[in-house]
Amino acid sequence: RAKFSYLDPETGLSKRADITRKNQAELLQAVKEIQQRSEHGFVLRDSQQELHFWIEEWQTSRLQMSDRKGSTKELYRNLANTHLASSTVGQMPLGEIRALHLTRFFSGLSGDHMSDSTKRNIYTVARALFEDAVSDGLIARNPMLTVKRPKAKKSEAKYLTAEQVSQVLGQLKDSRHLNAIVLIAFTGMRRGEALGLEWANIDFEKRVIKIRATLNRVNRKLVRTEPKTQNSRRDIALTEQAIEILKAQKLRQAQERLRAGSEWAPTDYVFTTESGGPV
């Protein structure tokens with residue numbers, strides 16, 4: 001048996017503890033590990049807080065304060081609560097979770113009917129959870145570091161044929177959202193990019209659209225944010241048909257503004273509700 005004192009990362013108070021092993025060799029190895037932790041500034045004893053409790057705390061602290069997009073934070077919360085907190089690993093103390101436990105957890109996901117991208121997102125969330133636990137002094141090492149990322153199967157991208165696009169647009173001929181969907185068909189814009197598009201980002205002379213924002217629903221609220229990646233922040237060349245669609249939308253919007261009068265919302269969105277608000 002060996003006795004030592006350490007600083008509790010959760011309370012900030014000094015505590016005394018002891019460790020026992022079957023023989024002197026194992027005990028000396030354990031003491032050596034504690035000394036190495038001390039020398040590197042790691043916690044001497046890992047937290048016994050269960051993972052699901054840490055997930056709750058992590059959501060309101062580390063995740064909330066991160067610079068991730070609102071939609072990404074919402075995704076991470078859902079994945080952490082749905083898959084990690086309720087799992088067998090979620091009921092284990094942080095300090096007792098090893099790479100083996102996490103490898104078994106991800107192996108179990110292989111039998112579930114979920115997409116490869118969802119499995120890889122769960123992996124990303126788990127890495128962040130344990131990395132932040134290390135940063136907050138709850139554990140000394142991230143057990144996810146040696147866990148392999150789930151593989152993504154290569155598959156052909158799915159897309160609509162020209163005939164199928166025509167069928168879709170034919171069904172939407174009476175929809176007020178027809179112009180938005182036709183523009184998406186012509187340009188390949190994402191839904192959030194089309195709904196976040198403003199007239200100031202359309203250059204009719206140069207025949208180009210500048211993608212500079214997206215509009216998505218986060219926590220039941222519409223949130224306007226910048227594109228997630230540098231590749232998403234791009235310019236799209238406009239065909240003659242796309243320009244005609246935008247001109248038709250501009251005329252329609254002007255007519256709706258006249259009808260709405262003082263009820264019209266002062267936004268610059270290309271696609272709006274009948275009162276000028278975001279769609």
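From a predicted model like this one, the values you see are computed outputs, not experimental measurements.
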Does atom CZ (Phe204) have a neighbourhood of more than 12 heavy atoms from anything else shown, all under 6.0 Å?
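For Phe204, atom CZ is crowded (more than 12 foreign heavy atoms under 6.0 Å).
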
Flag yes if more than 12 heavy atoms outside Gln255 fall under 6.0 Å of its CD atom; otherwise flag no.
yes

Closest contact, heavy atoms only, [X] versus [Y]:
X	Y	answer
Thr272	Trp264	OG1-CH2, 3.8 Å
Gly277	Ala265	N-CB, 4.0 Å
Pro278	Thr273	O-CG2, 3.6 Å
Arg120	Pro150	NH1-O, 2.7 Å
Leu238	Ala242	CD2-CB, 3.9 Å
Arg1	Thr20	NE-CG2, 3.5 Å

Validation row: [X], [Y] side chains within 4.5 angstrom (heavy atoms):
X	Y	answer
Gln64	Arg77	yes
Ile19	Phe4	yes
Arg98	Pro143	no
Leu79	Thr118	yes
Asn23	Glu26	yes
Thr103	Lys148	no

Carboxylate-amine/guanidinium proximity below 4.0 Å for [X] and [Y]:
X	Y	result
Glu240	Arg207	yes
Asp67	Lys73	no
Lys153	Asp116	no

Drop me the distance from [X]'s [atom1] to [Y]'s [atom2], to the nearest 0.5 angstrom.
X	Y	atom1	atom2	value
Lys206	Asp235	NZ	CG	9.0 Å
Ile55	Thr60	CD1	OG1	12.5 Å
Glu57	Leu138	CD	CG	7.0 Å
Phe130	Met144	CZ	CE	7.5 Å
Arg233	Glu226	CZ	CD	6.0 Å
Ile209	Phe186	CD1	CZ	12.0 Å

Can Arg252 and Arg176 be said to form a side-chain contact (heavy atoms from CB on, under 4.5 Å), step by step?
CA-CA 10 Å; Arg252 176 176 183 168; Arg176 66 173 289 103; 2.8 Å; yes

Who are the side chain to side chain contact (heavy atoms under 4.5 Å, CB included) partners of Ala140, not counting sequence neighbours?
Arg37, Phe42, Val43, Asp46

According to a hydrophobic-cluster definition based on side-chain heavy atoms being under 4.5 Å apart (Ile, Leu, Val, Met, Phe, Trp, Tyr only), do [X] and [Y] belong together?
X	Y	result
Leu145	Ile97	no
Trp199	Met189	yes
Leu160	Ile245	yes
Ile243	Phe271	yes
Val134	Val89	yes

Should Gln49 and Leu94 be marked as a side-chain contact (heavy atoms from CB on, under 4.5 Å) after you check the CA-CA gap, both sets of side-chain angles, and the distance that decides it?
CA-CA 6 Å; Gln49 180 186 40; Leu94 281 169; 4.0 Å; yes

Could you go through Ile122 and Phe106, starting from their C-alpha distance and side-chain angles, then the distance that decides it, and tell me whether this counts as side-chain contact (heavy atoms from CB on, under 4.5 Å)?
CA-CA 9 Å; Ile122 295 172; Phe106 284 103; 4.0 Å; yes

Under the side chain to side chain donor-acceptor pair (under 3.5 Å) rule, collect the residues that match up with Asn81, sequence neighbours excluded.
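Asn81 satisfies side chain to side chain donor-acceptor pair (under 3.5 Å) with Gln59 only.
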
Cluster partners of Leu195, using ILVMFWY side-chain heavy atoms under 4.5 angstrom, listed by chain and number?
Leu215, Leu222, Tyr269, Val279

Rest of the hydrophobic cluster containing Met65 (Ile/Leu/Val/Met/Phe/Trp/Tyr, side-chain heavy atoms under 4.5 Å)?
none

Exam field: side chain [X] to backbone [Y], donor-acceptor pair closer than 3.5 Å:
X	Y	answer
Glu33	Leu28	no
Asp268	Ala200	yes
Gln253	Val270	yes

Atom pairs and distances, donor-acceptor, side-chain atoms in residues 163-173, under 3.5 Å, two or more places apart:
| unit_1 | atom_1 | unit_2 | atom_2 | d |
| --- | --- | --- | --- | --- |
| Gln164 | OE1 | Thr161 | N | 2.9 |
| Gln164 | OE1 | Thr161 | OG1 | 3.4 |
| Ser166 | OG | Ala162 | O | 3.1 |

Within residues 179-195 or reaching into it, pairs that qualify as side-chain hydrogen bond (donor to acceptor under 3.5 Å, both in side chains) - sequence neighbours excluded:
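Every pair satisfying side-chain hydrogen bond (donor to acceptor under 3.5 Å, both in side chains) with a residue in residues 179-195: Asn179-Gln249, Arg190-Glu193, Glu193-Arg234.
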
Using the side-chain contact (heavy atoms from CB on, under 4.5 Å) rule, take Glu96 and Gln48 through it: C-alpha gap first, then chi angles, then the decisive distance, then the call.
CA-CA 8 Å; Glu96 296 180 13; Gln48 291 302 295; 3.1 Å; yes

